[in-house]
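Proteins get letters first, then strands, A, B, ... in listed order; numbering begins at 1 in each.
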Amino acid sequence: AQDQIKIGVSIPAATHGFMGGLNWHAAEAEKRLEAANPNIDLIIVTADGPADQASDLEDLVSVHGIQALVVLPFESEPLTEPVRAVKDSGAFITVVDRGLTDPSIQDVYVSGNNTEMGKVSAEYMKTRLGEGDNIVILRGIPTVLDTERFDAFMAEIEGSGINVLDNKFANWNRDDGFEVMQDFLSRFPDIDGVWAQDDDITLGVVEAVKAAGRDKELFIVGGAGMKEIVKGVMDGDELVPVDVLYPPAQIATAMDVTVAHFVSNGPVRGSYILGSPLITQENAAQFYFPDSPF
Amino acid sequence: MANAAGETAPAILAANRISKSFGEIPVLFSIDFDIHPGEVHAIIGENGAGKSTLIKILSGLEQPTSGTITYDGQTVTLPPNGEAEAMGIVVIHQELLLAEHLTVADSIFLGRELTRNGFLRLREMREQAAKILDTLHVHVDPDARINTLSVADKQMVEIAKAISRDARVLIMDEPTAVLSVAETETFFAQIRRLSAKGVAVIFISHKLDEIMELADRVTVLRDGQLIATVGNQDLTPDSIAQMMVGRELSNLYPPKHEPDVDAPLLLSVTNLSAPGLKEISFELRRGEILGFAGLIGSGRTAAAEAIVGLIHRTGGAVELRGAPVNFTEVSQSVAAGLAYMTKDRKGKGLLLNVGLQPNLTLLTLAKHMRSGFLDGKSEVKALDRAVRRFDIRARDASVRVGQLSGGNQQKLMLGKMMESEPEIIIMDEPTRGIDVGTKQQIYHIIAALAAEGKAIILISSEMQEVIGLSHRVLVMREGRMAGVLEGAEIGEAQIMRYAAGIKQGGDDERISA
Amino acid sequence: MSVSAHETGKPGRSFRIDLKTAGPLVALIALCIIGYSLNPAFLSEGNIANILTRSAFIGIIAVGATFVITAGGIDLSVGSMAAFIAGVMIIIMNSAVEAFGVSIWTVLLGCGSSLILGIGAGFINGFLTTKGKIEAFIVTLGTMGIYRSLVTYFADGGTLSLNSSAREIYRPIYYDSILRIPIPVWVFIAVAIIGWVLMNRTAFGRYCMAIGSNEHVARYSAIKVDRVKTATYILQGLCVSLATIIYVPRLGSASSATGVLWELEAIAAVIIGGTMLKGGFGRVGGTVIGALILTAIGNILNLTEIISNYLNGAVQGVIIIAAVYLQRGSLRAGKRKAAE
Amino acid sequence: MSVSAHETGKPGRSFRIDLKTAGPLVALIALCIIGYSLNPAFLSEGNIANILTRSAFIGIIAVGATFVITAGGIDLSVGSMAAFIAGVMIIIMNSAVEAFGVSIWTVLLGCGSSLILGIGAGFINGFLTTKGKIEAFIVTLGTMGIYRSLVTYFADGGTLSLNSSAREIYRPIYYDSILRIPIPVWVFIAVAIIGWVLMNRTAFGRYCMAIGSNEHVARYSAIKVDRVKTATYILQGLCVSLATIIYVPRLGSASSATGVLWELEAIAAVIIGGTMLKGGFGRVGGTVIGALILTAIGNILNLTEIISNYLNGAVQGVIIIAAVYLQRGSLRAGKRKAAE
Ligand SMILES: Nc1ncnc2c1ncn2[C@@H]1O[C@H](COP(=O)(O)OP(=O)(O)OP(=O)(O)O)[C@@H](O)[C@H]1O
Ligand SMILES: Nc1ncnc2c1ncn2[C@@H]1O[C@H](COP(=O)(O)OP(=O)(O)OP(=O)(O)O)[C@@H](O)[C@H]1O
Ligand SMILES: [Mg+2]
Ligand SMILES: [Mg+2]
């Protein structure tokens, strides 16, 4: 094993559902890829914040001497320089989900599409609602990707006559989703639709709406593709009729591509944008992973 | 009392050849001690002689290094942490041991609350507490929090706590150090009542007249050695003092040098009012010692604290060397040459968990700076000076101040205040817990300071001390001035009459000089 | 001058108790007025029920924290502990469903294991603090990390969800009401009353105050200091487990995001309520109001649009500081009045 | 019998200082051995430089926290304060670049404003605590929310990034070395030495200890208690601002995620180092080692794959508790030795 190829995988820690799913897919991919390629060693490290992640990157280089890096940056700007430093050590760089400020650093880019996600959600809203209907929005944590989703959604909804009553941060958290939705319900007597943006939030919203007995008057659009929600969509749930994919499995794709760079013949370069299709009752089955924790 | 039966009745509690060392440092050497039911047995000795250590061993708080304890004729190992109280051994410690946030009633019943079905019988505890306080003539609210009480009141609460417990042996370590004559009297009455009921009382005090008055037997310790145990009838204050100190004590009080009549006025206070204090007026000249007498809670401390800016003044004026001042922080008064030494050495005077040196120099660190940094050598020198001047005794250089004997803490505090070289000195109970030998030294120091031209306010509950040192005595009562005594008027009877409110100071007796 | 026993009887004292909690109460009332003026829906029955129910979690935990803090300790692990207990409860109930099918016993089993876990976790904190002689801050910072990680591990980084049929049986514990008052609120009321009685009417409460005020004094008063301190952590664990029991049916799940920062909220509730962080002095009544204040602030921010979402935290911070300032102010005024 | 001054002099004292820091040092050495055995690269020059550089942030902040805690206070706002200062620094530098172009002055302007902000923020905490008489926990919990929210607001929910040409000039402050030691480490060393001198060789340090161990005694000893306490918060602010000055060139940006939980880490470093949370006793040397221990733990977890990532927090928790236990143990042994 003297020509062991070490590939570092740096991702945020599993602090909420989506990241939990992403962590799970990463761990699964590691097992699968290491079993299939004995000369490949994947090293997954998780970070609690941008600074922490920068430290992880340093460690991957200084103690593990990685030849390639798969990184899902906590935040784009702060991690651009640290990733560049890894690049400068000669490593092959795959960036996942959140693009760096300087795209020339990356060899491969694998990503969901936040803008598209916001847009697709808004498009669905428009199919169900019209002039004078009211919606509320529960956002994630104030970060760039949340802002991208939100801005795209608002741009798409613009001019449709649908009123956005208010938006609040629910921190990609079920409990916050529950509480914020409760408060929306006490505040607004007429709500026709809810954009929850993330499936963890969606679960909280669903409970709040059911508890208030208002599940017949509105519907909820979530996001990401959590298995419980996808299952509901598949079963024809009326409260959450659709979901918008933002696949946590993208990390596995990125790892596949990176390993392929070393084990396949041809060089691997370029962008893999996974898109954010609308999950409906018809196509739900293909997005359902019952074994995933997410 | 015990004297009749005591000699023959078996000892209830006895120490047999007890020795004690802290680490390598021996503190007690093979001490024999016993106490009979109904007897009052006093322990006396210089500061650091080992009195407190002995009673800690007799109550289980410390274990002896060698030797045995007999209780009721049985050799026992006393349980630690005050659990001996369940066996009937109750202690009042030299250092006040009350939890500051509890109420008076809670403190009195701490550790043996009255309960019914697991719930506290609050009313009953409060009523009992009030009753006990009443028998001691203590005027504190059972619901008051300890941290709002004055030191003397805290001491009375400790006493109330101790006498309310079902004691067979009651051990008291300098309970009267901050009490004035009247409080001491009511307290002694309770002690006599208890010992008449057969309670054995062990009593430590540096006030020899109290010993003469109360004790049946006296044990004298010196440097951790047992010097003698003698019956009351064989004692005179002089002989006790000699046994304690190991030398003859003459002239406890130095001769008074009256200040010059035209000595400049240093401090003048007019109609000073503050919480607990109403319209105090007096003047203080260079070279003068002004005594403050009164019962506990009469506002002497409040007066001092209002002058130096520790409590907020609500009215009146203070002039220092002719210029009006209104201090709001101690640093200002210290800078102006006016220093106040608190009587609450544990709560306000000393940092118990650090060593001697940082405590000594805390008030005057500026003196020990060299180009902005602390000069350790200069601090060491200061400690050296203070140790010599005030005869501070610690067995080990590294002890924390909390481990010093009570009297030595007091001396350290004196040294700390004197470090600031004040021109006007307010001393609150300066000899609290100090042995006679050192007391004599301190009295001479005070007199010498006055002779040097400093002005001194001496707040003391020890009437003899006030009488023996002061040029004038201001007597307070219930926050007001009851009267001012001068020259030949200064005497116990006069002071008591003012302090107890039998006589009111008329306008003609207002301070004139 | 002299205080007779009768003068110091009931009326005087209960007056002072009122004064003590008056501070936080004033702050709460001020908040309610602000809330109502921003949005009248604030005082609707539904919203009040929401606030009360939500504050139940933090409130119950904070009642436990009042004891820990009064006795001079601190417990940073409560939020993680809640997540951990919730996770294990769910795992146990799910396996029980698989093995024996669903019945009311499933839920009882879950609740039982929650109580055992809570008591055990509290004991561990207490034991390490007292016998290990490690600072409570470090011990509970450590266990905080341990519990949070364990729940992430059990959930495989994701979410542990309660079997849906078990949830059906369990659900009413959060969502149902008795006499129009939601069950979590009843539990909160019960915990608060028991806590108040424990603190003010039993020797245990006195011991906590004595230990927090001066450990030496407590020790010299023959109080078993280590045992009482451990008991406060166990009580805290018990409170966390009760809070978890009513939390789980709400969303039927636990993940690594469960209970994040609850420790800060609980401690804040305790201190807003007038208990001192250094110990020695605890007010359960104040803690309850502190928890309500915190929940009300969050609720008010959701009920209005005038503040940029980004500034929620700032507003929250300002209100917390102001509320405590107000409380100190009114307390000082109260004291002055009492002195007159 | 009576204490001679010489016995209490220098040698005894410096001996005691060695013993005091020995505890944390033992824990650190144990960690290093574990790290090396897991992966020899742990002791490579590059890795050691990384650990030292990283620990500089928390370490510098923790030195400030040592003073606050020694004087009996607490500051929860440091992490948010760092984010806030970083954000404002970046805004100021970016506008300066727009207005005047890039030069070394841009960076100096940024650093200057960082210092002013740090001092100001510290002053606010100190003022509210002393003059407002609000518990430090509440004040700094409040300002923590306020700063965090302000930086989110300034960044519009996203990230504030330093102009890239300004960054080019600023970058060396984090990445360059002098005499093979990275600049942040030099700053850390300087702060640690100054902190140690302040604590142990100036009146200020003495006053902090006095206030933390008994505020009454301090007041009666002519110490300006409020002023000294405020000064500790200002010092803390200054340390945060220094840490931020070396942090900004590292990532060149600030967002709401900057500095999250640094307060816990800083306090943990202080307490691991042997300072008491209740105040009265501070060890700057210990704090430095505490910060190194925390960083080393994080680094070691990255060295090996034997532990599931999900369990990182648990391992961290166990090591922290064990480290402090070890320290207490060796300290106790040390004391016994000294007593003999
Ligand atoms: N815990 C301790 N550790 C070390 N030394 C101690 C400790 N407790 C007491 N000592 C020392 O033992 C000696 C005797 O102290 P003790 O308190 O018994 O004196 P004392 O006779 O009560 O004096 P005083 O009249 O001043 O109260 C003193 O030198 C004191 O420093
Ligand atoms: N009514 C009051 N309100 C507020 N503080 C008071 C009041 N009465 C007394 N105090 C405070 O109590 C403390 C001590 O009280 P005081 O001055 O009455 O004691 P004293 O006359 O020296 O007698 P002793 O100290 O022997 O009890 C002082 O700090 C004083 O400020
Ligand atoms: Mg691997
Ligand atoms: Mg003594």
Side-chain angles (χ1 to χ4, degrees), chain A residues 6 8-15 20 23-24 26-27 30 34 41-65 73-82 85 89 98 101-102 139-148 150-151 169 293, chain D residues 35 38-51 53-54 57-58 79 82 86 148-149 151-153 155-162 164 167 171 174-175 247-262 295 298-305 308-310 312-313:
Chain A
K6 289 195 173 190
V9 180
S10 170
I11 52 180
T15 49
N23 270 266
W24 182 80
E30 179 187 11
E34 284 182 354
D41 183 8
L42 288 153
I43 300 147
I44 302 176
V45 292
T46 59
D48 297 316
D52 198 20
Q53 190 168 30
S55 301
D56 285 352
L57 297 185
E58 286 171 1
D59 288 345
L60 286 173
V61 175
S62 71
V63 294
H64 292 292
F74 225 100
E75 287 182 354
S76 307
E77 275 115 330
L79 283 149
T80 300
E81 289 308 312
S89 77
R98 298 166 200 178
T101 338
D102 177 1
R139 304 175 61 174
I141 293 173
T143 50
V144 178
L145 64 115
D146 176 78
T147 310
E148 278 175 15
F150 179 74
D151 290 347
F169 286 102
Chain D
L38 285 174
N39 191 333
F42 179 77
L43 288 185
S44 67
E45 192 187 326
N47 195 52
I48 289 177
N50 282 345
I51 292 181
T53 316
R54 267 177 228 168
F57 303 138
I58 288 302
R148 173 110 7 248
S149 210
V151 74
T152 317
Y153 182 73
D156 241 344
T159 307
L160 287 161
S161 298
L162 183 57
S164 60
R167 189 144 181 235
R171 209 169 174 279
Y174 184 82
Y175 289 97
Y247 172 81
V248 167
R250 180 178 186 195
L251 301 184
S253 67
S255 72
S256 61
T258 305
V260 168
L261 291 186
W262 283 8
T295 318
N299 181 261
I300 286 175
L301 288 172
N302 281 344
L303 290 181
T304 160
E305 262 195 301
S308 156
N309 268 321
Y310 298 139
N312 274 358

Q: Please classify the contact between A:A14 and chain D as side chain, backbone, both or neither, with a heavy-atom cut-off of under 4.5 Å.
A: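 For A:A14, side-chain heavy atoms alone lie under 4.5 Å from chain D.
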
Q: So what's closer than 4.5 Å to chain D heavy atoms on A:E77: side chain, backbone, both or neither?
A: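 Interface part for A:E77: both.
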
Q: Report the residues that fulfil ring-ring contact (aromatic ring centres under 6.0 Å, His included) with D:Y174, sequence neighbours left out, ordered by chain and then residue number.
A: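 For D:Y174, no residue satisfies ring-ring contact (aromatic ring centres under 6.0 Å, His included) once neighbours in sequence are set aside.
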
Q: For A:S55, which atoms come within 4.5 Å of any heavy atom of chain D: side chain, backbone, both, or neither?
A: both

Q: Report the option among A:A54, A:G65, A:A85 that has the most heavy-atom pairs separated by less than 4.5 Å from atoms of chain D.
A: A:A54

Q: Does any heavy atom of chain A fall under 4.5 Å from the side chain of D:N302, the backbone, both, or neither of them?
A: both

Q: For the backbone of A:P50 and the side chain of A:E75, can you confirm whether one donor and one acceptor N or O come within less than 3.5 Å of each other?
A: no

Q: Output yes when a side-chain donor or acceptor of A:T80 lies under 3.5 Å from a complementary backbone atom of A:S76, and no otherwise.
A: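 Such a contact is found between A:T80 side chain and A:S76 backbone.
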
Q: Whether the A:S10 and A:D56 side chains hold a donor-acceptor pair (N or O, under 3.5 Å, no angle test) is what I'd like checked.
A: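 The criterion, which ignores hydrogens and geometry beyond distance, is not satisfied for A:D56 and A:S10.
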
Q: Quick check on the interface: out of D:S44, D:A49, D:A257, D:G46, who has the most heavy-atom pairs with chain A under 4.5 Å?
A: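 Result: the option with the highest number of such pairs is D:A257.
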
Q: Who pairs with D:W262 by ring-ring contact (aromatic ring centres under 6.0 Å, His included), at least two apart in sequence or on another chain?
A: D:F57, D:Y247

Q: Report which part of A:N23 has an atom under 4.5 Å of a heavy atom belonging to chain D: side chain, backbone, both, or neither.
A: both

Q: Distance-only, no hydrogens or angles: does the D:R167 side chain make a donor-acceptor pair with backbone N or O of D:R250 under 3.5 Å?
A: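 Indeed, once roles are kept as given, a pair shorter than 3.5 Å links the two residues.
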
Q: Of the listed residues (A:L60, A:V63, A:D59), which shares the most heavy-atom pairs with chain D below a 4.5 Å separation?
A: A:D59

Q: Is there side-chain contact between A:E148 and A:R98, with at least one heavy-atom pair below 4.5 Å?
A: no

Q: Pick from D:S164, D:S256, D:G252, D:S255: which one has the most heavy-atom pairs with chain A under 4.5 Å?
A: D:S255

Q: Who wins among D:N312, D:L301, D:T53, D:L251 for the most heavy-atom pairs under 4.5 Å with chain A?
A: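 Most heavy-atom pairs under 4.5 Å with chain A: D:L251.
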
Q: Out of D:V260, D:N299, D:T152, return the one with the most heavy atom pairs under 4.5 angstrom to chain A.
A: D:N299

Q: State, to 0.1 Å, how close A:S62 and D:N47 come at their nearest heavy-atom pair, and which atoms those are.
A: OG-OD1, 3.4 Å

